[in-house]
Amino acid sequence: MWGRAEADRRRIGVWEFELRGDELADIRRSGRRVLRSIRAVVRDRDWNTADLVVDRVTATETSLMLHVRTADERMPLSGVVRAEVRGESLRVLCDLEAASPLETNRTGLVALIPPGAAGAGLSVAHSTGRVSDTALPVAISPHQPVFDIAGLRWRDDGVEIGLAFDGDVFEMEDQRNWTDASFKVYSRPLALPFPYEVGAGERVRQAITVTADLMANTAVVATSDAALMADAAAGGHGTEDALIELRRAGAFPEIGLSASTAPDPAPAPAHVGRGDAASTLVELDLAWPGWPAALERAASEGPPLDVRLVLPAEAGVSDDADAAIAASLSDAVTALARHRVARVAAFQPSGPARHISDEATVALLRGALDQSGLAVPIVGGARSHFTEFNREHHRLPRHLAGLTFSVTPLFHSRDTEQLVESLAMQRLVATQAVEIGGGVPVHVGPVSLRPHFNDVATTAPPRPAASDLSAGYGTHLTDADDPRQRSPELAAWTIASAAALAVRGVASLTFFESWGPRGILEIGRAHV
């Protein structure tokens, strides 16, 4: 389930790559790795990926053509992705046509640069013809490191690599923020409005031209130890096997589980199999009247609660709005007083500080706790990925008892390779989070294969129609189930993930859910 019986390696001219569905992965010239991949992507208005189905493949000695179409009737696109040799270069083109009008946030080609190139000098050709010099970041860049890209050149392991882009203006983001093992070069600039419309019969045409000059007697570009480790674990140059070494290094973080968000009936507490879990993480959407039921069921699992409150409205907008939020928080704190609570956090649901525990949010939570006399450690950070923690940690108030963010490897891609490659990136994000925290304990979680909510959606989050748990809630209402959750390989991945995240300064790790389709077990059968 986690692997392929045999890699589909293709060669056209001196170029070689692995064909993974519609993706040209592990692109090499004369055996030397050049790019992590090139592929065409289609994202809907909520940034969900519309998968491309490959109907047939046409190959010659110098070209490979994929005939593709989307599997989502809301995003009716079809056409070709073609790779061809032109002289010494590799040119990848996409030509997709819309059968009817559609809204998209991004449709076109993306190129992924391996993380081992971190620290390499980068020459950037801009759409104006101007050329500037910079470097691929070593520390994970919170924002796009490069804008307005028409071409790129850098050196990696004795290879001078060039990319030229046609069909749109491109820019770059550091995907290590999401534990992806790459720097992604993509188009349409995020500063432009989205979603945007592609009309019926309109075609999206883009091309990326790749060059790679093998430089004899040229020293390898120096990169950081972290970058080299990252690229090795992602299958990069210099190693055939990636190893995680386990050794004594102080106290291991506490291990918790998220409360199940699956529908009732819940298994009896004796059958949940929590073992020695240190805590139960439960996320309560205070805009949904059924949150008390979710709290009570989570508390019945036994361990102390790690409570994450999502405010019913944006805080700090007006005194009246804050008064209403304070009333909701007062009700939540009153309910918490009946249970053992290890820590509590609160997050904004919208606005500039969306999914962040900003000053206004924490002040309202602290006020509710003080008014009730309940002494519970307040933690805060990002409800979503390290990305938002990295970008928005300046909004966090001082004197928090801990910092939080989630880990979701299958955000941009659902390939198994993505899961494996994310492990080294998890070490990077944990290390950088501890550095940002400056001594404040870090609580990583939930760690889940797919996102536990859609943090980039432009539409309202799904909520149950009823105030009970008969239909489930929260994560259960999103596209978060993954068949690999029920595979034996998940146990090995979980051990590797815990080892990667267990850097000094990380106080706890929270994995998956306790039971159900995203849990460590189905009733009567263990997943992990």
Side-chain angles (χ1 to χ4, degrees), residues 41-51 71-75 103-106 178-180 195 257-264 266 280-291 293-295 297-298 308-312 347-350 354-356 382-388 404-415 418-419 422 445-486 490 510-520 522 527:
V41 299
V42 178
R43 313 282 195 211
D44 69 13
R45 64 174 296 123
D46 287 327
W47 293 102
N48 296 309
T49 299
D51 293 330
D72 187 339
E73 62 182 15
R74 299 175 302 110
M75 307 291 290
E103 286 188 317
T104 179
N105 288 349
R106 176 177 301 149
W178 293 270
T179 72
D180 294 33
L257 292 172
S258 289
S260 177
T261 60
D264 274 342
T280 297
L281 189 156
V282 59
E283 189 172 275
L284 304 176
D285 178 1
L286 299 185
W288 173 50
W291 67 260
L295 173 62
R297 194 173 78 176
R308 311 289 173 88
L309 303 172
V310 181
L311 300 189
F347 303 103
Q348 291 270 23
S350 58
R354 186 171 68 159
H355 312 315
I356 300 296
R383 181 188 174 205
S384 50
H385 314 87
F386 175 77
T387 314
E388 286 70 38
T404 67
F405 66 92
S406 300
V407 168
T408 304
L410 300 180
F411 178 71
H412 287 113
S413 169
R414 293 180 179 175
D415 292 342
Q418 183 91 351
L419 275 177
S422 78
V447 178
S448 55
L449 299 185
R450 297 191 189 180
H452 72 285
F453 78 107
N454 187 348
D455 71 304
V456 292
T458 59
T459 55
R463 295 187 175 99
S467 296
D468 58 26
L469 303 181
S470 60
Y473 71 98
T475 304
H476 187 73
L477 306 181
T478 66
D479 183 22
D481 296 356
D482 193 284
R484 285 160 290 200
Q485 187 77 37
R486 296 178 290 279
L490 183 68
T510 299
F511 285 91
F512 310 125
E513 294 185 4
S514 53
W515 57 270
R518 297 158 304 282
I520 64 166
E522 291 176 327
H527 289 166

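These values consider heavy atoms only, across backbone and side chains, with no hydrogens, waters or symmetry-generated copies.
In terms of the side-chain contact (heavy atoms from CB on, under 4.5 Å) criterion, Arg354 has no residue partners (sequence neighbours excluded). Partners of Ala466 under the side-chain contact (heavy atoms from CB on, under 4.5 Å) rule, at least two apart in sequence or in another chain, are Asp468. For the side-chain hydrogen bond (donor to acceptor under 3.5 Å, both in side chains) test, residues two or more places apart in sequence or in another chain that qualify with Trp178 are Thr387. For Pro462, the side-chain contact (heavy atoms from CB on, under 4.5 Å) partners two or more places apart in sequence, or in a different chain, are Leu477, Thr478. Residues satisfying the salt bridge (charged side-chain N to carboxylate O under 4.0 Å, His left out) test with Asp46, not counting sequence neighbours, are none. Residues satisfying the salt bridge (charged side-chain N to carboxylate O under 4.0 Å, His left out) test with Glu283, not counting sequence neighbours, are Arg383. With sequence neighbours excluded, no residue forms a ring-ring contact (aromatic ring centres under 6.0 Å, His included) with His452. Listed by chain and residue number, Glu103 satisfy the salt bridge (charged side-chain N to carboxylate O under 4.0 Å, His left out) test with Arg45 (two or more places apart in sequence, or in another chain). Residues satisfying the salt bridge (charged side-chain N to carboxylate O under 4.0 Å, His left out) criterion with Asp44, sequence neighbours excluded, are Arg74. The ring-ring contact (aromatic ring centres under 6.0 Å, His included) test applied to Phe405 returns Phe386, Phe389, not counting sequence neighbours. Listed by chain and number, the residues in a side-chain hydrogen bond (donor to acceptor under 3.5 Å, both in side chains) with His412 are Gln175, Asp180 (sequence neighbours excluded).
In this structure, the side chains of Leu419 and Arg414 stay at 4.5 Å or more apart for every pair of heavy atoms. With a 4.5 Å cut-off on side-chain heavy atoms, Pro263 and Ser470 do not count as touching. In this structure, Thr404 and Phe347 have side chains that are in contact, with non-hydrogen atoms separated by less than 4.5 Å. Counting heavy atoms from C-beta on, the side chains of His355 and Val310 never come closer than 4.5 Å. Taking the side chain as every heavy atom from C-beta outward, Ser448 and Phe511 never approach each other to under 4.5 Å. Residues Pro464 and Trp288 are in side-chain contact: their nearest non-hydrogen atoms beyond the backbone lie under 4.5 Å apart. Taking the side chain as every heavy atom from C-beta outward, His385 and Val407 never approach each other to under 4.5 Å. For the pair Glu513 and Thr475, the minimum side-chain heavy-atom distance is below 4.5 Å.
Nearest heavy-atom pair, Leu469 versus Ala293, reported as atom, atom and distance to 0.1 Å: CD1-O, 3.7 Å. When all heavy atoms of Ala287 and Pro289 are compared, the closest pair comes out as O-CD, 3.8 Å. Heavy atoms only, all atoms of each residue included: Ala50 and Asp72 are closest at CB-CB, 4.1 Å. Residues Ser514 and Leu257 share a closest heavy-atom pair of CA-CD1, 4.3 Å.
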Inset, instruction - Walk me through it: do Thr261 and Arg518 pass the test side chain to side chain donor-acceptor pair (under 3.5 Å)? - result: CA-CA 9 Å; Thr261 60; Arg518 297 158 304 282; 3.1 Å; yes

Legend entry - Full working for side-chain contact (heavy atoms from CB on, under 4.5 Å) between Leu449 and Thr408: CA-CA 6 Å; Leu449 299 185; Thr408 304; over 6 Å; no

Inset, instruction - Tell me, with the steps shown, if Gln485 and Phe512 meet side-chain contact (heavy atoms from CB on, under 4.5 Å). - result: CA-CA 9 Å; Gln485 187 77 37; Phe512 310 125; 3.6 Å; yes

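In this structure, OG on Ser413 lies 9.0 Å from CG on Asp51, to the nearest 0.5 angstrom. Between the OG atom in Ser350 and the CG atom in Leu311 there is a gap of 9.0 Å [rounded to 0.5 Å].
Just one residue in the list Val282, Leu309, Leu284 forms a side-chain contact (heavy atoms from CB on, under 4.5 Å) with Trp291, and that residue is Leu284.
Among residue pairs with one or both ends in residues 445-458, those qualifying as salt bridge (charged side-chain N to carboxylate O under 4.0 Å, His left out) are Arg450-Asp479, Arg450-Asp482; sequence neighbours excluded.
Between the Thr104 side chain and the Arg43 main chain, a donor and an acceptor come within less than 3.5 Å of each other.
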